[in-house]
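I have placed the structure first, in the form of C-alpha cells, so that the comments after it can refer back to it.
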Amino acid sequence: MKTELKALHRAAPFLIGGAVTALAAVPASAQTTPDPAADEIVVSGYSGSLQKAIDMKRDTIGFSDSIIATDIADFPDQNLSEALQRLPGVTIERDKGLGTRVNVRGLPSEFTFVSINKLATASGSGGRDVEFDTFASELIQSVTVQKSPTAADEEGGIAGSVAIRTARPFDQVGPRLVGSAEGAYNSISQKVDPNFSFLASDTFGDFGVLLSVAKQQRTNRTDSNSGINFRPISRWTDKGNAQTTQTLNVLERDAGISFDDLKNKDEVNRVVFIDKVGDRMYLNDQDRLGVSGSLQYKPSEQFSLSFDAFLGSYKTHEDEYDAAGYSASSTSALDRIYDYDATTLADDGIVVIRDAAYTRTQHEFLSKEYINKTDYRQFGGEMNWDTGSWHIDLLGGYSGAKKTLDYANLKHVAYAPSRTRYTDRGGETIPSDAAGTIDMYNSPNSYLFEAYETTREKIKDDKYAAQLDVSRKFEITGFEALKRISFGGRYTNKTNERWYGEEKLQSPTRGSVEWVNTRKLSDSPLENVTDIVGGQSYQVRDLDWQMISNDYARSFFRPDGFVTPFQDSNYYKVREETFAGYGMIDFRFDLGPVPLFVNAGARYINTKVKSEGFHQIQNADGSTGYTPAPISSTGTYSKLLPAINLRAEITDNLLIRAAASQTLIRPALTDLAYKRTASFNNFRFTDGNPGLKPTYADQWEVGAEQYLGNGGILSASYFWKKIKGVIQNQMTGIVPDVTKYNANGTIDGVYDFEVYQPVNAEGWYTVSGVELAAVIPFGMITPMLDGFGINANYTFLDSSLTGQSDLGIPTSPIGLADNVYNVTVYYDKGPIGARLSFNRKGAYVEAVQNNMYPVYRDAYGQLDFAASYQLTDKVRLEVQGLNITKEATKGYTMDPSFPTMYEKSGSRWTMGVRVQF
C-alpha cells in the first residue's frame, strides 16, 4: 500500500483540468453505484493512478472538476486560488501578483458557494465571497468545483460551488508522520521567507486521530505606475469662472477644440485628459497559521463518526508609498497642450489629451499602512451509517470568521504647475515651463501636511448548520430502473455584523488643526523609499524618491492610546435563517444498447432575513445625527429549485452528460443592511432592503468525454445560464411630511422625501460558454515518451449583457474574460517529477470610470514551474517557481495606447524538503 500511495501522490499535481473528480466530494445520494470501499485508492504506478482518477470522473453523474492531494498533507500548490485557476472555467482575481478570489465561468466571486467539510464557509470579507488566501493549502486534502448541482447540494452558487475537504485519520490506516520545510524568495523584495508544515495521524483499532499544522510567511513587493484614468474636461468647463475661460482658450488655441453648448454633457465629456499619475511601492508581509484536527471512530466500513476542527489566523501588514500628480485639482486648469489624439477613439467621438501642462497640479506624497487580521474557525461533526438498504448522514457544525482592518494615510500636498503625459507603459508628471513649477519627487520643502487619516473596520461572521440526509437503495423486480430514493433537510443560521469608523488627526491634540499647512514634509525624517521597503530599485521606472516611513508616522502622528472610533452611520447587522428540504431519485436503465443514469429532484428553501442599522436624522438645531438605537426590518422568501443530471454511456469509452437546474445567489449583505443615509438638500433617503429576493439562474449544460485509455481523456461541454433578478437601486417610496431644519435651527420647511433602495430588477441576461479539456500521456503514442504528458483546457465565454455607459459606449460585463486557457506539460517517471504550467486570462472590463469610460485589465499570462526528486523512500526534494518570467500586470482605458497601470510583482521561488514516515 505504501508504494502504491506514493505512486498516486506523484501523479496528483497533474490530475487536474477536467481529468479528476473527487468521489468524496459527491454526495452519496448522487453516486450511481455506491461502493463501501470507494475511498480506498489502490493503484500501482503512474498509469494506474491516472486511470483510477479518470474512472472516478466517469463514475460521477454531473459536471465537476477537482484537485486532489492523494498523499496526505501534500496539496500540489501553495496557494489555493492559484491551484484552482488550472481547472476548466475557473479564473482568479489577483491582488499585486497574488491569487485571492475565485471566479467560476466568468461570474463575480460572490456568485460562487464555498464549503469546508460540507459546512458553508464564513467569510471575513464582509460579503459572500471567500478570500481563498486565508487558508493554508497544506491542510487541504481535496477541492472540487461542482458546476451542475443536485437537489441535495446546499444552494447559494449561480456560478458553481467549491467544496474543500480536509484530511481524516482513516484516509490512510495506520501511523503517519509528515513534515516539510521550505524557503521562499521574492525576486523584488529579495527576502527569504520560511514555511513549515507538520502532520501526525494514527489509527488505533476503531479510533483515529489526526493533527496538522502549517505556518507560512510571505514577503511580497509590488511596484506600480498606476491611477492613470480619463477625466472629462467638464471638470473645469462646468465651473463658469476664470478656470473655465482659461481651459476653453487653451483647447481652441492648441487643439482647435470648441464646444457649441457647454451644457451638452454628451459633447463635453468626450474630451478627456489624464486624471492622475502615481508611482507606488507596496511591501506586503503575510503571516498565516493553520491548524486542522480530526477525531474519527470507524468500527466498520458501514459506520463512521468524525469530529473535525479547522482553525486559521491570517495577518497582513502592507506598507504603501505613493508619489502622485493630480492634474484635476479643483483649483487648476489647462495651461498648454503638447499632444492630443483624436483618431484612436474616433468611433466613440473621444479626444484624448495625451500630454499637457496644468496651472496648479496637486502633488501628493502618501505613506499608507494597512494592518489586517482574519481569524477563522470551524468545528463540525459528521456521522455516516449504512444499515441494510438505508444510508444515513448526519452533519452539524459552526463556521466563523472575525476580521479587523486598521488603515492609516499620512498625506502631504504641494500645489504647483506641472506637466503630465502618457508613456509607453503608463504615465509621468514632470516640471512644466511655467514659473513656480517643481520637481515633484525632490521638493520636500514644498509639501505641506494635510492630515493623518485613519480608518478602522471590524467584521464578524457566524454560521451554524445542521443537516440530515437519508437514502434507500432499491432492487425491485419489474422496476429495475429505480436505484435509490434520497431525502433530507438542512437548517442554517447566519449572522454578519460590521462596524466602521474614520478620523483625521491634524495636530498633537485631537480636534485641533495646528499642523495643517504649517508642518512640512521636510520636518519629518526622510528616507529613500527603496531603503524603507528593501530589495531592488523601483522596477517600473528609473526613479527613486524620499518618503516618511510608516513606522515613524505611526509613532509620531498618533497620540498615545489612540483608537479610531466606530461610527453609527456604518454599523449594520444581518441575520439570515434558512430551512431547506429536498427529495431526489436515481434511475439506471437502457435506451437500446446505451446505459443511462439519471438523477432528478428538487430542493425547497425558506429564508427569513432580519437586518438592523442606524438611520440618519436631522436634529432640531439643524445638525445631523442618528437614531439612538438601530432600527430593524425583516424580509422572507421561498423557492423550489429543481435539478436533473444525466449520463449516457454511448460506448465503453464515450460518455455524454447533460444537466439542468435552477440555482440562486443571495443578495449582498451591504444591500440587505437596513441602515439609512439622508441627503437633506436633495430630499432623499437611501436605505438598505432586507426584503430583497435572491438572483436566480436557469441553467443547462451538455458535454461529451472520450476516454483514451492509459490515463488519457478528451472532453468538451457547452453551458448556458439565464440570470434574472439582478439588484439595482431604484426609488421605492415616499416619506411624507419630513421637517427640514436650517443650520441655525430654524425650520426650512416640511417636505416629502424620496426613498431609494436596492431592488430586484426586471429582465434577465445570459452567460454561455464552451469548455474543452485534454489529458494526453505521450506514452500512449510512443514508448519513447513514457512519463511525458500534457494537461490542457480552454474556456470561451459570452454574455448577452452589454452595458451602456452614460456616453453610450458598449461594455461587456465587468469581470468577464472571453478566453481563458491553461497548458501543463509534465514528466513523471521514477524519482523525478516536473511540470511547466502556463495560465492565460483574456482582457476584461474592470470598471466603468465615472459611468462613462470602460477600464480594462489587460490579458495576463503566467508561467509556473515545479519539480521534485524522491531522494529516498522517505525524503523528497522540491522546487517551485511562480511567474518565472516576471510578467507585469497591465490595464488600460478603452484602448491599450491609454494605459492605466503597469505593475510588477516579480517571481517567487521556493525550495524545500518533505519527510514522511
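Bear in mind that the values here come from a model prediction, so they are computed numbers and not experimental data.
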Can you list everything that forms a side-chain contact (heavy atoms from CB on, under 4.5 Å) with [X]? Sequence neighbours excluded, please.
X    : answer
K886 : S187, S907
P758 : D671, N689, L692, I727, N729
V540 : D223, N225, Y538, Y902, K904

Pairwise salt bridge (Lys or Arg N to Asp or Glu O under 4.0 Å) hits with a residue in [range], at least two apart:
range            : answer
residues 412-427 : D355-R419, R421-E428
residues 224-242 : R231-D275, D238-K265
residues 853-862 : E846-R857
residues 433-451 : R336-D433, K411-E450

Does a sphere of radius 6.0 Å around CG in N241 hold more than 12 heavy atoms from other residues, nucleotides or ligands, not counting ones at 6.0 Å or beyond?
-> yes
Are there more than 12 heavy atoms of other residues, nucleotides or ligands under 6.0 Å from atom CD of E762?
->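 Result for CD/E762: open.
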Relative to F685, does R676 satisfy both conditions: NZ or CZ under 6.0 angstrom from the six-membered ring centre, and within 45 degrees of the ring's axis?
->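 Satisfied, under 6.0 Å and within 45°.
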Is the cationic atom of K276 (NZ for Lys, CZ for Arg) positioned less than 6.0 Å from the six-membered ring centroid of Y326 and within 45 degrees of its normal?
->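 Ring-cation test returns yes.
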Do any N or O atoms from the side chain of Y321 and from the backbone of N550 form a donor-acceptor pair under 3.5 angstrom?
-> yes
Counterpart residues, side chain to side chain donor-acceptor pair (under 3.5 Å), relative to K724 (two or more places apart) =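 Testing K724 for side chain to side chain donor-acceptor pair (under 3.5 Å), a comparison that skips the adjacent residues, returns D698.
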So, Y441 versus D279: side-chain donor-acceptor pair below 3.5 Å or not?
->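 Present: a donor and an acceptor within the cut-off.
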Applying ring-ring contact (aromatic ring centres under 6.0 Å, His included), name anything that partners [X], two or more places apart in sequence or on another chain.
X    : value
Y794 : none
Y282 : none
Y415 : none
Y447 : F365

Is there a salt bridge (charged side-chain N to carboxylate O under 4.0 Å, His left out) between K368 and D322 once you walk through the steps?
-> CA-CA 8 Å; K368 299 180 180 181; D322 293 6; 3.6 Å; yes
Would T237 and T244 count as a side-chain hydrogen bond (donor to acceptor under 3.5 Å, both in side chains) if you check the C-alpha gap in whole Å, the side-chain angles of each, and the deciding distance to 0.1 Å?
-> CA-CA 5 Å; T237 59; T244 301; over 6 Å; no
Check S443, S418, S446, S329 against H363 for a side-chain hydrogen bond (donor to acceptor under 3.5 Å, both in side chains) and give me the one that passes.
->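 It is S418; the other options fail the test.
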Between T811, I350, V855, V352, which is the residue that forms a side chain to side chain contact (heavy atoms under 4.5 Å, CB included) with M894?
->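 Exactly one candidate clears the test, I350.
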Go through the steps for T316 and E318 under the test side-chain hydrogen bond (donor to acceptor under 3.5 Å, both in side chains), then give the verdict.
-> CA-CA 6 Å; T316 65; E318 181 173 275; over 6 Å; no
